[in-house]
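Working notes, structure below.
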Amino acid sequence: MLDLKFIRENAGAVRHAIQVKGMDLDLDELLALDHELLGLRQRVEAMQAERNANAKLVPKATADERPTLIVKGKELGEELRALEPALRAHEEQLRQLLLRVPNIPHVSVPVGKDDSENVELRREGVLPEFAFKPLDHVELLELQGWSDPERVAQVSGSRSYLLKGEAVLLELAVQMFALDFLSVRGFTPLSTSALVRPETFVGSGHFPGGEDQVYKIEGDELMLAGTSEVPVNSLYAGEQLPLTALPMTFAAISAAFRSEAGSAGRDVRGLIRVHEFRKVEQYVLCRADETEALVWFGKILQNAEDLLTALELPYRVVQNCTGDMGAGKVLMYDLESWVPSEGLYRETHSCSYLGDWQARRTNLRYRDEDGKLTYAHTLNNTGIATPRILVPFLENHQQADGTIRVPEALQPYLAGKISLGKPVR
RNA sequence: GGGGGGUUGGCCGAGUGGUUGAAGGCAGCAGUCUUGAAAACUGCAGUGGGCUUAGCCCACCGGGGGUUCGAAUCCCUCACCCCUCGCCA
């Protein structure tokens, strides 16, 4: 959410953001509504002032004067009640529009319509060369007896996965590795529930708009979050933090659920796109200072890059264009890891800076140096997401005999093993 | 799942339906005192919004709704917290 005052005073910039982000929103409608609401509110407040003044006279009035005042109060009350529905409707309507107003992209963001116009910034790591015919991750899992696609489909439908044997240890090892890695860098580990209230999605900015991506719990007012960004963003909702509480940095581990509505037919095979997965997420809450926030952006990006480097996975850094970055974001970079079987890079991490857009929605403020209440800034980035990261992991580290090489950094998390699986060739 | 008790300003805590935006305390800020600090004393001090902006007005006592001339105070409802009985990994 943006400050209404800011929107009024910078209508041009907001209109531009709406356009380059490809959003369907009529700013003039919002501004007109805002203007109308202001007039309405002034009328209502004037009447409230009159009502209050009248009510204050009653206890001091004589017995003769009293009935007249009470009648007047009744009339004022009725008039007010007549205006209230309109006022409330206007407020709600404005709020709905306000929730859709996108954040202003950083000056560095390239303008583009969708992910095809994202800009590659650099490539890191060395692409593997195989002296044998490499398999894709689905074949590797099958080869080692680490999956059971037919049976899991029978139990949980499509887009569900099952791991078996050492692949399970690998999944947990990768998660634990990421958690340790971030914890050493000062991020507080957090284990969060994916089960959240609907308003937390409004807070994170996923609602309105992303409703169809979210699973609802029948009979409860709860839903399943697609990332711990959702609960963590609402953790301090409504609070007034002391300046000393910031920055807050979290490494939040949780299950993540996504309905994947609208992506039917895409990536149905394997571990790339599943309904339920697990993730270690980096989340940062800092002061409302863009310079400081961008330093944090660099840090959480570097953390993710260092994780990929430690896992010995080649990747590239991509800057998302305006059309692919989402309403709330000021700046967004994706990390894409190399998938040999497809001969391309696929998104495994997503790094975002949202300014105070989320904190306004959750009403999360802190007292600045001058004691002024200020909305905090928020950032987030993937730490590691499984099983998706296992796709590049298995494929890049496969060996001629069908076993999977374990990078040195991960070995302590796998009881010192240097490879996984049995030699099968 | 049953029963009981709660939710008031940054924190603690009082509050009889009528100048209560809310006593008191702590923390905060400014000042007096002091070589300095502490203590003590004095004063300031909630958040958001509007306007004809040294000021005035409106809203806010967990959320929403209601009763009333008037609600922190009465009623309904939802959420959360605590206690207790039962069940349970």
Side-chain angles (χ1 to χ4, degrees), chain A residues 1-9 30-99 191-203 207 216-223 230-231 234-246 248 255 285 287-288 356 359-376:
Chain A
M1 200 151 73
L2 292 180
D3 181 14
L4 187 54
K5 229 179 251 166
F6 175 88
I7 298 174
R8 285 181 200 140
E9 288 160 12
L30 186 152
L31 292 170
L33 193 65
D34 171 45
H35 188 73
E36 255 178 75
L37 179 62
L38 187 63
L40 193 57
R41 189 172 277 147
Q42 282 169 356
R43 274 173 64 199
V44 168
E45 284 186 7
M47 289 178 65
Q48 284 173 328
E50 206 182 334
R51 178 202 59 191
N52 293 349
N54 184 257
K56 267 185 195 166
L57 294 178
V58 174
K60 286 182 248 165
T62 62
D64 313 342
E65 296 166 333
R66 219 165 264 214
T68 324
L69 290 172
I70 288 175
V71 168
K72 192 180 172 203
K74 263 190 194 171
E75 283 168 7
L76 284 167
E78 269 162 45
E79 281 179 69
L80 260 173
R81 261 190 286 279
L83 276 178
E84 263 164 21
L87 181 68
R88 241 172 268 165
H90 272 71
E91 280 172 344
E92 181 52 26
Q93 228 180 322
L94 182 65
R95 178 176 156 77
Q96 285 310 315
L97 287 174
L98 225 38
L99 285 175
S191 176
T192 66
S193 174
L195 217 45
V196 293
R197 289 238 168 85
E199 57 265 31
T200 60
F201 286 102
V202 176
F207 290 1
K216 291 188 182 137
I217 303 301
E218 185 75 40
D220 261 311
E221 273 296 291
L222 292 172
M223 299 179 169
V230 177
S234 280
L235 207 52
Y236 296 90
E239 295 195 33
Q240 301 176 9
L241 302 170
L243 187 58
T244 50
L246 299 177
M248 287 197 208
L285 242 150
R287 296 191 306 171
D356 66 9
R360 273 181 194 282
R361 291 173 162 246
T362 55
N363 193 27
L364 167 54
R365 297 174 297 174
Y366 68 93
R367 292 221 179 255
D368 70 10
E369 293 84 343
D370 306 321
K372 220 178 125 223
L373 284 171
T374 311
Y375 292 102

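Quick caveat: nothing in here was measured; it's all calculated off a predicted structure.
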(message) A/A55: which residues meet the side chain to side chain contact (heavy atoms under 4.5 Å, CB included) condition with it, sequence neighbours left out?
(response)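 Not a single residue meets the side chain to side chain contact (heavy atoms under 4.5 Å, CB included) criterion with A/A55.
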Pick the [atom1] atom in [N] and in [M], then give their distance to the nearest Å.
N: B/A23; M: B/A14; atom1: C1'; result: 6 Å
N: B/U16; M: B/U52; atom1: P; result: 41 Å
N: B/G31; M: B/G24; atom1: C1'; result: 23 Å
N: B/G5; M: B/A89; atom1: P; result: 32 Å
N: B/G70; M: B/C80; atom1: P; result: 33 Å
N: B/G55; M: B/A38; atom1: C1'; result: 40 Å
N: B/C74; M: B/G6; atom1: P; result: 11 Å
N: B/G1; M: B/A27; atom1: P; result: 44 Å

Quick one: look up who [N] pairs with, Watson-Crick or G-U, both distances under 3.5 Å, and put none if it's unpaired.
N: B/G62; value: B/C78
N: B/U19; value: none
N: B/G9; value: none
N: B/C56; value: B/G50
N: B/C44; value: B/G28

(message) Does anything in residues 193-202 of chain A form a side chain to side chain donor-acceptor pair (under 3.5 Å)? List the pairs, not counting sequence neighbours.
(response)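 Listed by first then second residue: nothing to list.
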Mind listing the side-chain donor-acceptor pairs of residues 59-66 of chain A below 3.5 Å, one per line with the distance, residues two or more places apart or on another chain?
from  : atom 1 : to    : atom 2 : distance (Å)
A/T62 : OG1    : A/E65 : N      : 3.3
A/T62 : OG1    : A/E65 : OE1    : 3.3
A/E65 : OE1    : A/T62 : N      : 3.0
A/R66 : NE     : A/V58 : O      : 3.4
A/R66 : NH2    : A/V58 : O      : 3.3
A/R66 : NH2    : A/P59 : O      : 3.2
A/R66 : NH2    : A/A61 : O      : 3.3

(message) Going by ring pair (Phe, Tyr, Trp, His ring centres under 6.0 Å), name the residues that satisfy it together with A/F201, two or more places apart in sequence or in a different chain.
(response)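 A/F201: ring pair (Phe, Tyr, Trp, His ring centres under 6.0 Å) contacts with A/F207.
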(request) Could you tell me which residues satisfy ring pair (Phe, Tyr, Trp, His ring centres under 6.0 Å) with A/Y236, sequence neighbours excluded, listed by chain and number? (result)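 Partners of A/Y236 under the ring pair (Phe, Tyr, Trp, His ring centres under 6.0 Å) test: none.
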Is any side-chain heavy atom of [Y] closer than 4.5 Å to one of [X]?
X: A/Y366; Y: A/D368; result: yes
X: A/R367; Y: A/L373; result: yes
X: A/R51; Y: A/Q48; result: yes

Non-neighbouring partners of [X] that pass salt bridge (charged side-chain N to carboxylate O under 4.0 Å, His left out), sequence neighbours left out:
X: A/E369; value: A/R287
X: A/R360; value: A/D356
X: A/D34; value: A/R8

List the atom pairs, with distances to 0.1 Å, where a side-chain N or O of residues 79-99 of chain A and a protein N or O form a donor-acceptor pair under 3.5 Å, not counting sequence neighbours.
from  : atom 1 : to    : atom 2 : distance (Å)
A/E84 : OE1    : A/R88 : NH2    : 3.4
A/H90 : ND1    : A/A86 : O      : 2.9
A/H90 : NE2    : A/E36 : OE1    : 2.8
A/E91 : OE2    : A/R41 : NH2    : 2.9
A/E92 : OE2    : A/Q96 : NE2    : 2.8

(message) Please compare A/K74 and A/Y375 by the position of their nearest nucleotide in RNA chain B and report the one closer to 5'.
(response)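 Closer to the 5' end of RNA chain B: A/Y375.
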(message) Closest-nucleotide mapping onto RNA chain B: is A/L373 or A/R197 further toward the 5' terminus? I mean the 5' end.
(response)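 That would be A/L373.
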(request) Pull out every residue in residues 33-44 of chain A that has a heavy atom closer than 4.0 Å to any atom of RNA chain B, ordered by number, or say none. (result)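 Per residue number, the list reads A/L38, A/Q42.
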(message) If you take any heavy atom closer than 4.0 Å to RNA chain B, which residues from residues 53-73 of chain A end up in contact?
(response)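 Contacts with RNA chain B under 4.0 Å: A/A55, A/V58, A/P59, A/I70, A/G73.
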(request) On RNA chain B, reading 5' to 3', which nucleotide is the first and which the last to sit with an atom under 4.0 Å from a heavy atom of chain A, could you check? (result)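 The contact span of chain A on RNA chain B goes from B/G10 to B/C80.
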